[in-house]
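First comes the structure, then the notes that go with it.
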Amino acid sequence: MKLVVFTGAGISAESGLKTFRGEDGLWEGYNIQDVATPEAWHRNPELVQHFYNIRRKAVLEANPNPAHLALAKLEEKFEVTIITQNIDDLHERAGSTNVIHLHGLITKAQSSIDPQLTYDIVGHEIKMGEVCAKNSQLRPHVVWFGEAVPMMHEAVAQCKLADIFLIIGTSLQVYPAAGLIDYIPHQAHKFLIDPAADELNRNVNITNVAEKASSRVPKIVKQLLAI
Ligand code: NAD
């Protein structure tokens, strides 16, 4: 049986990594237009680099929480694909082996002229002056607002195969990622686990579970493993 999980920033909130659509609409005090767009990079690459260096340090210091760990156990019984909007690597560190990163991975660097050229980062910083094999500045390997989402095609293909679909900790406001739910087969069992589920989802075909990920996901996983 095929189980697809679609996660957002909310699943990592209890690992200490903040979401960005909080009350003030900022991401760790920054306006996303100033730090997460190609225009921001052209205007002020030092600021953008600094912002992601701090985010990367926080990711390296964070640990997977019970929700990430429970999802990894699903592989004992199901064919699992995790599609995440998160740029952290907590699903992998929890043990999940099949993770699609729609918005990239902060632990890697990429060439600023050739997105195919990516590198592992030693430590938490990319420094200004560090260049790729084509001699251009290294930038974070993340998809900024306004950039193409290269993994979208593969993610759509996975959604179409789902028998069970879990959506966890996402406001479903960032497109094109949020559009993935339109590709889930009608007959698949679908759940949204998010404390704000009732406000976020009015689709009666998706069951709302208005609870935090770390308390509810392990219970759901236990039930699924017992089927
Ligand atoms: P979002 O910030 O728009 O929404 C977060 C959602 O998580 C909200 O619906 C909120 O109710 C829910 N939430 C909060 N605490 C939760 C908990 N304990 N358990 C379950 N749900 C909880 O997040 P998004 O929809 O993923 O969009 C944000 C974008 O920002 C993503 O595309 C991502 O690339 C980026 N981002 C990533 C990280 C990360 O990698 N950890 C962190 C912040 C932002």
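In listed order, ligands and their atoms are each counted from 1. Both backbone and side-chain heavy atoms feed into the values below; hydrogens, waters and symmetry mates do not. Bear in mind the structure is a predicted one, so any value in this text is a computation, not a measurement.
Residue Glu211 has no nitrogen or oxygen atom sitting less than 3.5 Å from a nitrogen or oxygen atom of ligand 1, judged on distance alone. For a threshold of 3.5 Å applied to N or O pairs, the pair formed by Ala9 and ligand 1 contains at least one separation below that value. The shortest N or O to N or O distance between Lys212 and ligand 1 is not under 3.5 Å. Ligand 1 has a nitrogen or oxygen under 3.5 angstrom from a nitrogen or oxygen of Ala213. The shortest N/O to N/O separation between Gln173 and ligand 1 does not fall below 3.5 Å. Residue Asp88 places at least one N or O, backbone or side chain, under 3.5 Å from an N or O of ligand 1.
Of the heavy atoms in His103, only side-chain atoms (C-beta onward) come closer than 4.0 Å to ligand 1.
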> Could you go step by step and tell me if Ile227 and Lys77 meet the side chain to side chain contact (heavy atoms under 4.5 Å, CB included) rule?
Replying inline: CA-CA 10 Å; Ile227 293 175; Lys77 177 156 181 176; 4.0 Å; yes
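Summarising the contacts of atom 34 (O) of ligand 1 with Gln85, Arg216, Glu28, the nearest heavy atom is found in Gln85. Remark: among candidates Thr170, Val209, Asn86, Val149, the nearest residue to atom 37 (C) of ligand 1 is Asn86, based on non-hydrogen atoms. The residue from Ala178, Ala210, Pro195 that puts a heavy atom closest to atom 21 (N) of ligand 1 is Pro195.
Using a distance-only test at 3.5 Å, with no hydrogens or angles considered, a donor-acceptor pair links the side chain of Ser112 to the main chain of Gln137.
In this structure, Val174 has a heavy atom closer than 4.0 Å to ligand 1.
When each of Arg55, Lys57, Arg56, His50 is tested with Asn53 by the rule side-chain hydrogen bond (donor to acceptor under 3.5 Å, both in side chains), just one qualifies, namely Arg56.
Residues passing the side-chain contact (heavy atoms from CB on, under 4.5 Å) test with Ala13, sequence neighbours excluded: Thr19.
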